[in-house]
Structures are given as C-alpha cells and as structure tokens.
> 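Take this structure first; my questions come after.
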Amino acid sequence: MANVFKNAYKDATTSLADLIPALDSNHEAIVLMLRATNVDGSNDATVDVRVVDSDGSSDAYIAYEMSVPADTSLDVLGTSKLVLDAGDKIQVKASAASDIEFFASYLEITD
C-alpha cells in the first residue's frame, strides 16, 4: 500500500467542474483540507461542493450556496476529513466566474 500526498487547484466557474477527478479503481483518498477563497475585492460569492459517488448516480453536497464574503476564505470541511472511495470525485462551482479559487490537500492511498 502506497501513500502519496497530493493537492488540487481550481479557478471556479459557474458550472460544476472536477476539483479532484474520479479516483482509479485501486485508489482511495482522505481529503485533509478543502478551502474556497474569494479573490474578488468587493463582491461576495457562493460556492457549491459536491461529492459524486463511484456509481455515477449518487451524489451529496457538502456545501450548497455557502457564502464566501469578499477577500475571505472558507474552510469547507472545517476540522473534518472526507474519505473518497475508488471512483469517487469532488466537483465545485461558484456563483461568479473567477471570483473563487478552490484548493484541496489530500492523501491518496493505493491498494
């Protein structure tokens, strides 16, 4: 079993897009941190963060229209961790294009 620390970055748009793409069949991951930063100096924005299950039909929002005030950051997971199984992925979007930057740190585990 190999463990590799990784990170992911996404300049959010108004459509859901992969922040952490679907994991290979022999990988799992523990998301250690997921931050949304509002880089717009004057406008608030909202964010959505969705976990898509490996079966392709199940998903769960861990943040939905969560407000991120101008010039601030939001730790979406707080002090929690998030486990992704093989085939799972995380998607993100913002209410305004180029206002939100997402960053995630995670530990990828190979079976």
Side-chain angles (χ1 to χ4, degrees):
M1 204 182 260
N3 298 330
V4 178
F5 286 100
K6 293 188 169 187
N7 61 56
Y9 165 82
K10 184 65 137 182
D11 189 7
T13 66
T14 57
S15 299
L16 283 167
D18 292 350
L19 174 65
I20 298 176
L23 298 171
D24 294 336
S25 61
N26 62 337
H27 290 91
E28 296 172 333
I30 300 169
V31 181
L32 306 169
M33 183 269 293
L34 198 164
R35 180 169 292 142
T37 300
N38 188 335
V39 295
D40 187 301
S42 57
N43 296 310
D44 295 352
T46 61
V47 297
D48 294 354
V49 178
R50 178 171 85 161
V51 176
V52 179
D53 194 57
S54 60
D55 66 10
S57 64
S58 301
D59 63 318
Y61 281 91
I62 58 174
Y64 188 75
E65 295 186 3
M66 189 170 276
S67 181
V68 184
D71 290 336
T72 64
S73 293
L74 169 70
D75 286 324
V76 176
L77 299 178
T79 59
S80 301
K81 308 295 180 259
L82 179 69
V83 175
L84 298 176
D85 293 327
D88 292 355
K89 64 182 177 179
I90 294 180
Q91 295 183 319
V92 296
K93 81 172 191 175
S95 60
S98 301
D99 280 4
I100 300 289
E101 295 177 356
F102 283 96
F103 187 85
S105 292
Y106 60 103
L107 176 63
E108 189 172 86
I109 303 163
T110 305
D111 293 334

> Which value, rounded to the nearest 0.5 Å, describes the distance between T13 atom OG1 and D99 atom CG?
11.5 Å

> Once rounded to the nearest 0.5 Å, what's the spacing between atom CG of D53 and atom NZ of K89?
11.5 Å

> As a quick check of understanding, evaluate side chain to side chain contact (heavy atoms under 4.5 Å, CB included) for S73 and V68, giving each step before the final call.
CA-CA 7 Å; S73 293; V68 184; over 6 Å; no

> Show the numbers, then the answer: is there a side chain to side chain contact (heavy atoms under 4.5 Å, CB included) between L82 and L34?
CA-CA 9 Å; L82 179 69; L34 198 164; 5.6 Å; no

> Tell me whether I62 is reachable from M33 by hopping between hydrophobic residues (I, L, V, M, F, W, Y) whose side-chain heavy atoms are closer than 4.5 Å.
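No, because M33 and I62 fall into different hydrophobic clusters, even though each may have its own neighbours under 4.5 Å.
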
> How far does CD1 of I100 sit from OG of S95, to the nearest 0.5 angstrom?
7.0 Å

> Report, as yes or no, whether the 6.0 Å neighbourhood of atom CZ on F5 holds more than 12 heavy atoms from other residues, nucleotides or ligands.
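No, not enclosed.
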
> Can you tell me how far the CG atom of D48 sits from the CG atom of L16, to the nearest 0.5 Å?
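Spacing of CG (D48) from CG (L16) equals 6.5 Å.
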
> Please step through side chain to side chain contact (heavy atoms under 4.5 Å, CB included) for the pair I90 and V49, ending with a clear verdict.
CA-CA 7 Å; I90 294 180; V49 178; 3.8 Å; yes

> State which residue, out of L107, V83, I20, fulfils the side-chain contact (heavy atoms from CB on, under 4.5 Å) condition with V31.
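Testing each of L107, V83, I20 against V31, the sole residue satisfying side-chain contact (heavy atoms from CB on, under 4.5 Å) is I20.
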
> Between S42 and D40, what is the shortest heavy-atom contact and its length?
N-OD1, 2.8 Å

> Hydrophobic clusters here meaning ILVMFWY residues chained together by side-chain heavy-atom distances under 4.5 Å, can you tell me if V47 and F103 are in one?
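No, separate clusters.
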
> How long is the gap from NE2 on H27 to CG on L84, to the nearest 0.5 Å?
12.5 Å

> Return the CD1 to CG distance between I109 and N26, rounded to the nearest 0.5 Å.
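Reported value, rounded in 0.5 Å steps: 12.0 Å.
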
> Please determine whether residues L32 and L19 belong to a single hydrophobic cluster, defined as Ile, Leu, Val, Met, Phe, Trp and Tyr linked transitively by side-chain heavy-atom distances below 4.5 Å.
no

> How far apart are the closest heavy atoms of K10 and A17, and which atoms are they?
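Reported closest heavy-atom pair: CE-CB, 3.6 Å.
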
> Do you know which two heavy atoms are closest between A45 and N38, and how far apart they sit?
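Nearest heavy atoms, A45 then N38: N-ND2, 3.5 Å.
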
> Going through the checks in order, is the side chain to side chain contact (heavy atoms under 4.5 Å, CB included) test met by T14 and K93?
CA-CA 5 Å; T14 57; K93 81 172 191 175; 6.0 Å; no

